[in-house]
Amino acid sequence: MLDYKKIIAEELAKITNVDINELESYIEIPPNTDLGDYAFPCFRLAKELKKAPPMIANEIKEQFPENEYIEKIDVVGGYLNIYVNKLPYVSDILKSVSDNRENYGKMTIGNGKTIVIDYSAPNIAKPFHIGHLRSTVIGGALYKMYKFLGYNVVGVNHLGDWGMGICRTIAGYKMWKDEYDFSVRPIDSILAIYVRYNKIEKEDPDFKKHAVEALKLLEEGDEETTKIWKWIIDVSLADYKKIYDLIGCEFDSYNGEAFYNDKMDRVVRELEEKNLLVESEGAKVVVMDEDIPPCIIITSAGTTIYATRDLAALLYRIDNYNFDKCLYLVASEQSLHFKQVFETLSKMGYEKYASACEHIPFGLVLDEDGQKMGSRKGNAVTLEEIFNESIEKSLQIIEEKNPTLENKEEVAKLVGVGAIIFNDLANNRIKDEIFDWKQILNFAGETGPYMQYTYVRTQSILRNAGYTPKFAEIDCTKLMDAEAINVIKAIGNFDDVLVSATQKNEPSLLSRYLIDLAQSFSRFYNEHHILTEDKAVQDARLLLTDAVGIVIKEGLALLGIKCPSQM
Ligand code: ARG
């Protein structure tokens, strides 16, 4: 594909003598076409050129040579608004999509770089509940996107499979196992035990001793306790994997907290060697530079802790993956924890790796009334329940809208799952997500079903035509109307969006982009007949329709959403 940013930057470099890569990095894509196809903010050069931005803009405009790809340049304040020649632009983009039907947008910019993505990481013994939806969905999308850009991606599920949580369940199981049935849905009984244990402990704090005892036995390697522990992990994982399959999540490692049990000594040893461990109220801690609490490494009870495990995990990841980036998809509640862990790693002498670590926080999931969804009180909303409900509701809608559709169940599954995923990724991740069924499943809103519906529409247009033209057969001059150009422009921006979405670790940039693409296709479709008497016009419009379908399908797949061909 033609690289317009490069084409523009080359001319700018000749005029300004500024480094071409630097210039290229400043070029923007304006939010709407009235401001040009590309824009250059001249204030970026003001310091270097020692001139006011509007002056720079005017000088560049005057000196900008004739270029077959550039139609005109406007100066607005300190901005250059650059308009491209539409014919080569449109034909280049459509050719590129047609030539790369299976992997349009795929890149190699990540080749040779390794990214660890630590995501999902539910706590064993609890069912997979809504509290882990966001990490799983956002992490799953980033995993796919980075791979698509050529990175070597290691998806790690740092399971919460150790500590007091699971030991409450173990202790409860030992006391009450005869009262429960584990033959049908063992995870439900395991959860019921956990909830029961917590309830008692709340009223009688002394009850905690059973869990403490279980943890002690587990640490000593007691056979019976270890057996129960392993079984609980197996049952829980089997349950989680149902969800991972449903949303197409992949992991390269399931090394959870327990995996680091025999790797904690090294953390303590290295900290001691570097004189970083300080006694504080019976605990051993690392003091932080900033005004934040110290990082506890050994508790006053003499045990290691969440942070110790994260440090052990980091040393392991450094040794085994030698990562260029290590991303943690964890709710913002844990910001302090990650600050402490990264700073400790840096003090240990691993500055390079510490600065390659990044906590990627996100907001809560709230119900329609603005209340936090799900809780440990026993009314936890499991992900399985949520997905099932979404699939059921989608089926009802399909029954109403399209009762004769074949494989309604299959389609409802794709729609129901896609709706939940899209809702999670629809806004900036740091914002709280509102879980409102009416919105999530609104086929006309900015939703997953709307995106899938737009894809389906492209496919049905092509089916009605009975053919998909080849790029060589079409006449791009038939696509010079404003609506078509807008659609094609969006298609051409796909790779740019993928790059910024990964740079910012913000999949919502991709979901917003897809909504924009679908909306511009709708405008095109409403303004113009695709199937018409004029064969040349029809062919050109069909190819455009085909290209829209390709990008939507690929874009949604990167978010974890599959498209039905009819719905
Ligand atoms: N299991 C933890 C929780 O549910 C999340 C783990 C995140 N990953 C990590 N390396 N700390 O809060």
Side-chain angles (χ1 to χ4, degrees), residues 1-2 4 29-30 32-38 67-72 82-105 444 450-497 513-556 563-567:
M1 215 156 72
L2 287 169
Y4 279 85
I29 296 176
N32 74 60
T33 325
D34 298 345
L35 302 172
D37 301 301
Y38 294 91
N67 183 308
E68 59 176 311
Y69 297 113
I70 308 297
E71 184 192 340
K72 65 163 181 162
I82 302 161
Y83 298 80
V84 302
N85 263 334
K86 299 301 183 270
L87 194 57
Y89 180 74
V90 159
S91 97
D92 175 58
I93 292 170
L94 286 180
K95 179 173 187 322
S96 174
V97 186
S98 306
D99 288 350
N100 301 287
R101 298 186 61 86
E102 299 310 320
N103 47 19
Y104 175 68
Y450 168 72
M451 285 310 310
Q452 288 167 323
Y453 186 72
T454 307
Y455 172 77
V456 164
R457 180 188 269 173
T458 62
Q459 301 312 291
S460 78
I461 294 169
L462 293 168
R463 262 197 309 275
N464 288 341
Y467 68 99
T468 304
K470 301 236 172 346
F471 175 75
E473 298 159 6
I474 69 151
D475 172 0
C476 290
T477 63
K478 307 291 181 198
L479 295 171
M480 290 296 112
D481 58 275
E483 293 77 22
I485 288 172
N486 254 333
V487 175
I488 293 164
K489 211 177 145 177
I491 294 174
N493 289 345
F494 187 44
D495 53 358
D496 242 67
V497 169
Y513 160 85
L514 290 171
I515 292 286
D516 287 345
L517 173 61
Q519 287 173 343
S520 39
F521 180 67
S522 273
R523 279 193 294 276
F524 171 76
Y525 176 87
N526 291 332
E527 286 293 316
H528 305 280
H529 292 288
I530 294 177
L531 304 181
T532 80
E533 306 276 275
D534 186 333
K535 176 84 168 42
V537 171
Q538 170 165 308
D539 284 357
R541 291 181 178 165
L542 280 175
L543 191 77
L544 173 113
T545 304
D546 179 43
V548 169
I550 289 173
V551 176
I552 291 182
K553 189 174 178 196
E554 187 66 73
L556 286 179
C563 284
S565 54
Q566 301 192 42
M567 74 189 255

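The ring-ring contact (aromatic ring centres under 6.0 Å, His included) check on Tyr513 picks up Phe494, with sequence neighbours excluded. Scanning for side chain to side chain donor-acceptor pair (under 3.5 Å) contacts around Asn67 gives Glu11, with sequence neighbours left out. Evaluation of the side chain to side chain contact (heavy atoms under 4.5 Å, CB included) rule for Tyr453 yields Arg457, Met567 as partners, not counting sequence neighbours.
Scanning both residues, Pro30 and Leu35, for their nearest heavy atoms gives CG-O, 3.4 Å. Of all heavy-atom pairs spanning Thr33 and Tyr83, the tightest one is O-CE2, 3.8 Å. What you find for Asn85 and Ile70 is that their closest heavy atoms are ND2-O, 3.9 Å. Looking at every heavy atom in both residues, Pro469 comes nearest to Ile474 through CB-CG2, 4.0 Å. In terms of heavy atoms, Gln538 sits closest to Leu531 at OE1-CA, 3.2 Å.
To the nearest 0.5 Å, atoms CG (Asn526) and OG (Ser522) are separated by 6.0 Å. Atom OG1 of Thr468 sits about 10.5 Å away from atom CG of Asp539, to the nearest 0.5 Å. Going from atom CD1 of Ile29 over to atom NZ of Lys489 covers 8.0 Å, rounded to the nearest 0.5 Å. Leu556 contributes atom CG, which lies 5.0 Å from atom CE of Met451 (distance to the nearest 0.5 angstrom). From Gln452, atom CD reaches atom CD of Gln566 across 14.0 Å, with rounding to the nearest 0.5 Å.
The environment of OH in Tyr525 is sparse: at most 12 heavy-atom neighbours from other residues, nucleotides or ligands sit within 6.0 Å.
In this structure, the side chains of Pro564 and Val456 come closer than 4.5 Å at one or more pairs of heavy atoms. In this structure, Asp516 and Ser520 have side chains that are not in contact, with every pair of non-hydrogen atoms separated by 4.5 Å or more. A 4.5 Å side-chain heavy-atom check between Asn486 and Phe524 finds every atom pair outside the cut-off.
Between the side chain of Asp92 and the main chain of Pro88, no donor-acceptor pair closer than 3.5 Å is present. Counting only distance, with no hydrogens or angles, the side chain of Asp37 and the backbone of Val84 share a donor-acceptor pair below 3.5 Å.
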Sequence neighbours excluded and cut-off under 3.5 Å, please list the side-chain donor-acceptor pairs for residues 542-555, or say none.
from, atom 1, to, atom 2, distance (Å)
Thr545, OG1, Arg541, O, 2.7
Asp546, OD1, Arg101, NH2, 3.1
Asp546, OD2, Arg101, NH1, 2.6

Only pairs under 3.5 Å count here: list side-chain donor-acceptor contacts from residues 475-483, not counting sequence neighbours, and write none if there are none.
from, atom 1, to, atom 2, distance (Å)
Asp475, OD1, Thr477, N, 2.9
Asp475, OD1, Thr477, OG1, 2.6
Asp475, OD2, Thr477, OG1, 3.1
Asp481, OD2, Glu483, N, 3.3
Asp481, OD2, Ala484, N, 2.8
Asp481, OD2, His528, NE2, 3.1
Glu483, OE1, His528, NE2, 2.8

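The aromatic ring centroids of Tyr89 and Tyr4 lie less than 6.0 Å from each other.
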Check your understanding: Could you go step by step and tell me if Asp495 and Tyr104 meet the side-chain contact (heavy atoms from CB on, under 4.5 Å) rule?
Key -> CA-CA 9 Å; Asp495 53 358; Tyr104 175 68; 5.8 Å; no
Exercise for review: Go through Met1 and Lys95 one step at a time and tell me if the side-chain contact (heavy atoms from CB on, under 4.5 Å) criterion holds.
Suggested key: CA-CA 8 Å; Met1 215 156 72; Lys95 179 173 187 322; over 6 Å; no
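Residue pairs that meet the ring-ring contact (aromatic ring centres under 6.0 Å, His included) test with at least one member in residues 455-490, sequence neighbours left out, do not exist here.
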